[in-house]
Participant: 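Pasting a structure below so you can have a look.
Throughout, numbering of the chain's residues begins at 1 and tracks the sequence. Remember, predicted model here, so these are calculated numbers, not experimental data.
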Amino acid sequence: LGHAGDYLASEVQAGIDRMIGAAHAYRLPVIAPIFNHDSVEACRQRNHWQARGADLFVIGTDKILVANALVTYSNALR
């Protein structure tokens, strides 16, 4: 869309809203990504996408597992 990765640009967000509307018009599910290892932020992202109309979520469990393992390892070294 000409915004060099700026997914928060208003034109990009408007395009996402149009895509969600089109999916719902054709009774297709909207699948949103949740890729944050922090549970509070992941819940915030889920709530955000649910409010926009998402029906299903893809969860980045690899990031969650690695982040939790690194915290445990770091704490063990202290």
Side-chain angles (χ1 to χ4, degrees):
L1 293 169
H3 291 283
D6 182 9
Y7 67 91
L8 295 176
S10 61
E11 289 174 305
V12 175
Q13 292 299 307
I16 291 170
D17 288 336
R18 285 192 304 275
M19 184 264 324
I20 291 170
H24 285 160
Y26 286 94
R27 306 183 99 192
L28 296 171
V30 174
I31 304 170
I34 308 294
F35 292 130
N36 200 293
H37 69 276
D38 179 71
S39 62
V40 173
E41 177 59 18
C43 285
R44 188 200 66 75
Q45 290 178 10
R46 183 208 57 212
N47 293 342
H48 168 78
W49 281 109
Q50 255 182 336
R52 286 182 86 169
D55 304 297
L56 302 167
F57 303 95
V58 174
I59 307 296
T61 55
D62 58 333
K63 290 182 182 182
I64 294 168
L65 293 172
V66 169
N68 288 340
L70 290 173
V71 167
T72 301
Y73 182 70
S74 176
N75 288 338
L77 294 176
R78 292 183 184 171

Participant: Decide whether Ile59 and Leu65 are clustered together by the hydrophobic rule: side chain heavy atoms of Ile, Leu, Val, Met, Phe, Trp, Tyr closer than 4.5 Å, transitively.
Facilitator: no
Participant: Work out which heavy atom in Pro29 is nearest to a heavy atom in Leu56; give both atom names and the distance.
Facilitator: CB-CD1, 4.1 Å
Participant: So do Gln45 and Phe57 actually touch side chain to side chain, heavy atoms under 4.5 Å?
Facilitator: no
Participant: Roughly how far apart are Cys43 SG and Gln50 CD, rounded to 0.5 Å?
Facilitator: 10.0 Å
Participant: Looking only at atom types and distance, does a side-chain atom of Gln13 sit under 3.5 Å from a main-chain N or O of Tyr7, one as donor and one as acceptor?
Facilitator: yes
Participant: State which residues pass side-chain hydrogen bond (donor to acceptor under 3.5 Å, both in side chains) with Asp17; sequence neighbours excluded, sorted by chain then number.
Facilitator: Arg52
Participant: Under a 3.5 Å distance rule, please check whether His3 uses its side chain to pair with a backbone N or O of Val12 as donor and acceptor.
Facilitator: no
Participant: Is there a donor-acceptor pair under 3.5 Å between the side chain of Asp55 and the backbone N or O of Val30?
Facilitator: yes
Participant: Residues two or more places apart in sequence or in another chain: which of them pass side-chain contact (heavy atoms from CB on, under 4.5 Å) with Phe35?
Facilitator: Pro33, Val58, Lys63
Participant: With a 4.5 Å limit on heavy-atom distance, are the side chains of Tyr73 and Asn68 in contact?
Facilitator: no
Participant: Calculate, to the nearest 0.5 Å, the distance between atoms CD1 and CH2 belonging to Ile31 and Trp49 respectively.
Facilitator: 12.0 Å
Participant: Do you know which two heavy atoms are closest between Arg46 and Ile34, and how far apart they sit?
Facilitator: N-CD1, 3.5 Å
